[in-house]
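Positions are given from 1, in the same order as the sequence printed here. Side chains are part of it too, since the values below use all heavy atoms of this structure and drop only hydrogens, waters and symmetry mates.
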Amino acid sequence: QVQLVESGGGLVQAGGSLRLSCAASGRTASNNDMGWFRQAPGKEREFVAAINRSGGRTFYADSVKGRFTISRDNAKNTVALQMISLKPEDTAVYYCAGGSKGYSYTWSTNYNYWGQGTQVTVSS
């Protein structure tokens with residue numbers, strides 16, 4: 001079992017930056033692919049970014065490419081999402097996900113474990 005706890009959300013003006021962190025605990029935390037998803041009010045949860053177990057491969061939604069960077073530190077069992085040039089449309093609850101069901105990294109069904117989410121609000 002893996003537990004995920006997100007932190008770093010908050011309120012920021014458009015054009016600003018935030019860094020989200022996800023702390024993973026559990027015996028096999030470093031053996032999981034990790035991803036970030038987000039859900040805005042009235043919308044379905046959507047893929048944001050993902051990173052494979054070794055950290056050698058990363059994946060991004062088109063809407064965040066060039067602005068968001070995902071990284072992981074397996075020694076510390078943490079995953080980060082650095083977000084720059086934030087836009088009001090980035091406003092959402094951001095969820096950390098972990099797992100390896102063998103599906104696409106961009107699919108929420110690939111992930112076994114989910115955090116509780118952290119709110120990111122970007123004001124215009």
Side-chain angles (χ1 to χ4, degrees):
Q1 190 77 333
V2 175
Q3 293 78 43
L4 303 175
V5 178
E6 303 97 334
S7 62
L11 173 64
V12 64
Q13 288 188 332
S17 302
L18 279 176
R19 182 179 177 87
L20 304 183
S21 292
C22 175
S25 60
R27 188 167 56 90
T28 60
S30 62
N31 292 337
N32 289 271
D33 301 324
M34 300 296 295
W36 287 95
F37 289 74
R38 66 187 182 187
Q39 187 166 17
K43 295 187 176 181
E44 293 189 354
R45 191 171 297 188
E46 64 174 3
F47 168 75
V48 176
I51 189 166
N52 72 337
R53 303 176 194 184
S54 69
R57 297 179 67 192
T58 57
F59 309 85
Y60 297 95
D62 288 343
S63 59
V64 307
K65 278 182 183 177
R67 300 188 300 120
F68 291 11
T69 303
I70 189 171
S71 61
R72 69 188 298 164
D73 184 336
N74 284 342
K76 296 181 179 180
N77 281 341
T78 58
V79 177
L81 185 68
Q82 179 67 49
M83 306 184 293
I84 66 171
S85 302
L86 283 161
K87 305 174 181 179
E89 50 264 43
D90 294 318
T91 295
V93 177
Y94 282 70
Y95 297 91
C96 177
S100 306
K101 290 185 177 180
Y103 302 131
S104 168
Y105 290 98
T106 67
W107 295 4
S108 62
T109 50
N110 184 52
Y111 301 93
N112 305 81
Y113 312 108
W114 292 84
Q116 293 300 307
T118 184
Q119 176 71 47
V120 171
T121 303
V122 184
S123 63
S124 57

> From W36 CH2 over to F47 CZ, what is the distance, rounded to the nearest 0.5 angstrom?
Replying inline: 13.0 Å
>> I'd like to know if the side chain of N112 and the backbone of S100 have a donor-acceptor N/O pair within less than 3.5 Å.
In response: yes
> Nearest 0.5 Å, what's the CG-OH distance between N32 and Y111?
Replying inline: 10.0 Å
>> Using the salt bridge (Lys or Arg N to Asp or Glu O under 4.0 Å) criterion, which residues pair with K43? Sequence neighbours excluded.
In response: none
> Residues two or more places apart in sequence or in another chain: which of them pass salt bridge (Lys or Arg N to Asp or Glu O under 4.0 Å) with R67?
Replying inline: D90
> With a 4.5 Å heavy-atom cut-off, do T91 and R38 have their side chains touching?
Replying inline: no
> Do Y113 and L81 belong together in a cluster built from hydrophobic side chains that touch within less than 4.5 Å?
Replying inline: yes
> Can you name the closest pair of heavy atoms from S85 and S17 and give their distance?
Replying inline: N-OG, 4.4 Å
> What are the two closest heavy atoms between F37 and R45, and how far apart are they?
Replying inline: CB-CG, 3.8 Å
> So which heavy atom on G117 is nearest to which on E6, and how close?
Replying inline: N-OE1, 2.9 Å
> Atom NZ in K87, atom OG in S124: separation rounded to 0.5 Å?
Replying inline: 14.0 Å
> If you measure from OG1 on T58 to NZ on K65, what distance do you get to the nearest 0.5 Å?
Replying inline: 9.5 Å
> Side-chain contact, heavy-atom cut-off 4.5 Å: V120 with M83?
Replying inline: yes
>> Once rounded to the nearest 0.5 Å, what's the spacing between atom CG of N77 and atom OG of S25?
In response: 8.0 Å
>> If the test is side-chain contact (heavy atoms from CB on, under 4.5 Å), which one of L4, N74, L20, I70 qualifies with V79?
In response: I70
>> Show the nearest heavy-atom pair for residues V12 and G16, with the distance to one decimal.
In response: CG2-CA, 3.8 Å
>> Taking the side chain as everything from C-beta on, heavy atoms only, tell me whether Y105 gets closer than 4.5 Å to I51.
In response: no
>> I need the minimum non-hydrogen distance between A80 and R19, along with the two atoms involved.
In response: CB-NH2, 3.4 Å
>> With rounding to the nearest 0.5 angstrom, report the CD to SG distance, Q116 to C96.
In response: 11.5 Å
> Crowded around K101 NZ? As in, over 12 foreign heavy atoms under 6.0 Å?
Replying inline: yes
> Who passes side chain to side chain donor-acceptor pair (under 3.5 Å) against Y95, sequence neighbours left out?
Replying inline: none
> Which pair of heavy atoms, one from V93 and one from Q119, lies closest together, and at what distance?
Replying inline: CG2-OE1, 3.2 Å
> Given side chains that start at C-beta, do those of F68 and L86 come closer than 4.5 Å, heavy atoms only?
Replying inline: yes
> Short question: side chain of D33, backbone of G98 - any donor-acceptor pair under 3.5 Å?
Replying inline: no
